[in-house]
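Input: a single structure, listed below in structure tokens.
Everything numeric here is computed off the predicted structure, so don't read it as measured data. Only heavy atoms go into these numbers, but all of them, side chains included; no hydrogens, no water, no symmetry mates. Start at 1 with the first residue, then count along the sequence.
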Amino acid sequence: VQGFISDANNRICKIMRENSFRMGTTIALVVISNNSVMAYNIGDSRIYKFHNGILSQISEDHTIAQQKVKMGLLTAEESRNDKSKHVLTRCLGVFEDEMILTPDIISPFNIEDELRLLLCSDGLTDMLSDQHIQDILLSNIDSKSAVNILVDSALQNGGRDNITCLVIDFTSKG
């Protein structure tokens with residue numbers, strides 16, 4: 001995975017050098033193998049686990065606001081409105097001399113019956129609360145419909161940024 005991330009970063013840096021402008025992106029990535037999930041993230045795109053009706057964020061945002069939360073300077077709720085919530089501390093699109101590019105690796109976990117994973121950009125989570133996202137995922141709709149409802153809801157709430165999301169459903173084999 002680190003090789004994939006480094007390659008993607010190098011491609012972005014090559015385009016920046018060729019065109020003389022800065023750009024960057026975030027990544028939320030899962031690798032599913034056998035009955036296990038490995039999750040990785042860089043930036044403020046998120047990975048959520050939804051199981052037994054409960055939505056839990058398993059990734060950590062790489063932002064100044066999140067650093068303030070970890071330091072006890074802000075609550076999680078206050079960080080949602082902090083001016084530094086979009087100031088990234090890690091992203092793809094960094095040159096080798098700027099920082100070391102490493103993803104957070106979320107501890108592997110087993111696939112459980114009726115598990116859902118949500119991978120999404122901040123365009124979704126800026127427009128919808130975790131409770132709103134959880135309510136949509138609770139409605140027992142298929143993954144494609146869930147994505148459509150999530151994106152439509154974020155757009156209806158203002159849609160100020162790109163809205164990207166993927167819902168992966170795991171169901172029992174029976």
Side-chain angles (χ1 to χ4, degrees), residues 1-9 25-63 65-67 69-70 75-80 85-86 88-92 101-174:
V1 171
Q2 182 62 44
F4 167 78
I5 291 170
S6 294
D7 184 52
N9 186 66
T25 192
T26 61
I27 188 169
L29 168 73
V30 294
V31 176
I32 303 164
S33 178
N34 298 324
N35 199 37
S36 181
V37 176
M38 287 287 298
Y40 308 82
N41 81 293
I42 295 175
D44 58 358
S45 287
R46 294 181 177 175
I47 304 169
Y48 288 90
K49 186 177 179 181
F50 180 74
H51 189 254
N52 291 331
I54 298 170
L55 182 72
S56 49
Q57 182 179 340
I58 62 172
S59 60
E60 181 177 307
D61 293 351
H62 300 126
T63 64
Q66 180 59 35
Q67 284 183 338
V69 170
K70 288 172 81 170
T75 65
E77 186 58 36
E78 290 169 334
S79 72
R80 287 187 62 83
K85 76 176 183 174
H86 291 296
L88 298 175
T89 57
R90 279 191 238 175
C91 67
L92 295 178
L101 184 66
T102 56
D104 274 355
I105 303 171
I106 294 108
S107 295
F109 56 92
N110 289 332
I111 297 170
E112 305 169 78
D113 286 346
E114 308 308 321
L115 169 69
R116 285 187 135 169
L117 296 179
L118 169 64
L119 287 72
C120 60
S121 66
D122 62 335
L124 182 76
T125 55
D126 282 351
M127 298 293 104
L128 302 179
S129 68
D130 285 0
Q131 183 62 53
H132 193 160
I133 293 169
Q134 178 174 290
D135 291 345
I136 291 169
L137 294 177
L138 266 172
S139 63
N140 291 321
I141 51 176
D142 63 272
S143 57
K144 183 177 179 180
S145 296
V147 165
N148 289 335
I149 292 169
L150 287 165
V151 171
D152 287 346
S153 296
L155 288 169
Q156 289 171 8
N157 283 345
R160 291 185 294 268
D161 198 353
N162 66 334
I163 304 164
T164 305
C165 66
L166 171 68
V167 173
I168 304 169
D169 286 334
F170 299 93
T171 57
S172 58
K173 300 175 185 175

Reported CD1-to-OG1 distance for the pair Ile163 and Thr125, which is rounded to 0.5 angstrom: 10.0 Å

Sequence-distant partners of Asp7, side chain to side chain donor-acceptor pair (under 3.5 Å), two or more places apart: Arg11

Value rounded to 0.5 Å, distance of CG in Leu150 from SG in Cys120: 8.0 Å

side-chain contact (heavy atoms from CB on, under 4.5 Å) evaluation trace for Asn41 with Ile106: CA-CA 8 Å; Asn41 81 293; Ile106 294 108; 4.1 Å; yes

Pair listing, salt bridge (Lys or Arg N to Asp or Glu O under 4.0 Å) test, anchored in residues 51-60, at least two apart: Glu60-Lys70

Summary of salt bridge (Lys or Arg N to Asp or Glu O under 4.0 Å) pairs that have at least one residue in residues 119-129, sequence neighbours excluded: Lys85-Asp126

Asp130 side, atom CG; Ser56 side, atom OG - distance, nearest 0.5 Å: 9.5 Å

Identified side-chain hydrogen bond (donor to acceptor under 3.5 Å, both in side chains) counterpart of Arg90 within the set Thr26, Asp61, Asp104: Asp104

Nearest-0.5 Å distance, CD1 of residue Ile42 to CG of residue Leu101: 4.0 Å

Distance-minimising heavy-atom pair for Phe109 and Lys49: CD1-NZ, 3.9 Å

Nearest heavy-atom neighbours spanning Asn9 and Cys91: OD1-O, 4.5 Å

Audit row: Leu88, His62, side-chain contact (heavy atoms from CB on, under 4.5 Å) steps and yes/no: CA-CA 6 Å; Leu88 298 175; His62 300 126; 5.5 Å; no

Asn34 atom CG, neighbour heavy-atom count above 12 within 6.0 Å: no

Under 3.5 Å side-chain donor-acceptor pair for Gln131 and Asp135: yes

Student check: side-chain heavy atoms of Arg46 and Ile133 closer than 4.5 Å: no

Asn52 side-chain N/O to Ile54 backbone N/O, donor-acceptor pair under 3.5 Å: no

Residues that Ser107 engages under side chain to side chain contact (heavy atoms under 4.5 Å, CB included), provided they are two or more places apart: none

Pair listing, salt bridge (Lys or Arg N to Asp or Glu O under 4.0 Å) test, anchored in residues 155-171, at least two apart: Arg116-Asp169

Backbone of Ala76 reached by a side-chain donor or acceptor of Ser79 within 3.5 Å: yes

Exercise: identify the closest heavy-atom pair between Val1 and Leu29: CG1-CD2, 3.5 Å

Test log, rule side-chain contact (heavy atoms from CB on, under 4.5 Å), inputs Leu137 and Tyr48: CA-CA 11 Å; Leu137 294 177; Tyr48 288 90; over 6 Å; no

Contact summary for Met38 and Pro108, nearest pair of heavy atoms: SD-CB, 3.2 Å

Euclidean distance, Cys165 SG relative to Leu124 CG, rounded to 0.5 Å: 5.5 Å

Flag, side chain of Ser121 to backbone of Ser45, donor-acceptor distance under 3.5 Å: no

Check: Phe4 and Ile27 side chains under 4.5 Å, non-hydrogen atoms: yes

With sequence neighbours excluded, residues passing side chain to side chain contact (heavy atoms under 4.5 Å, CB included) with Ser153: Leu128, His132, Ile136, Ile149

Spatial distance of atom OG (Ser36) from atom CD1 (Ile111) [nearest 0.5 Å]: 7.0 Å

Test side chain to side chain contact (heavy atoms under 4.5 Å, CB included) applied to Val167 and Leu119, Asp142, Leu118, Ile141, the passing residue: Leu118

Asn110 and Leu115, any side-chain heavy atoms less than 4.5 Å apart: no

Derivation of the side-chain contact (heavy atoms from CB on, under 4.5 Å) call for Ile47 and Tyr40: CA-CA 8 Å; Ile47 304 169; Tyr40 308 82; 5.8 Å; no

Donor-acceptor contact below 3.5 Å, side chain Glu114 vs main chain Phe50: no

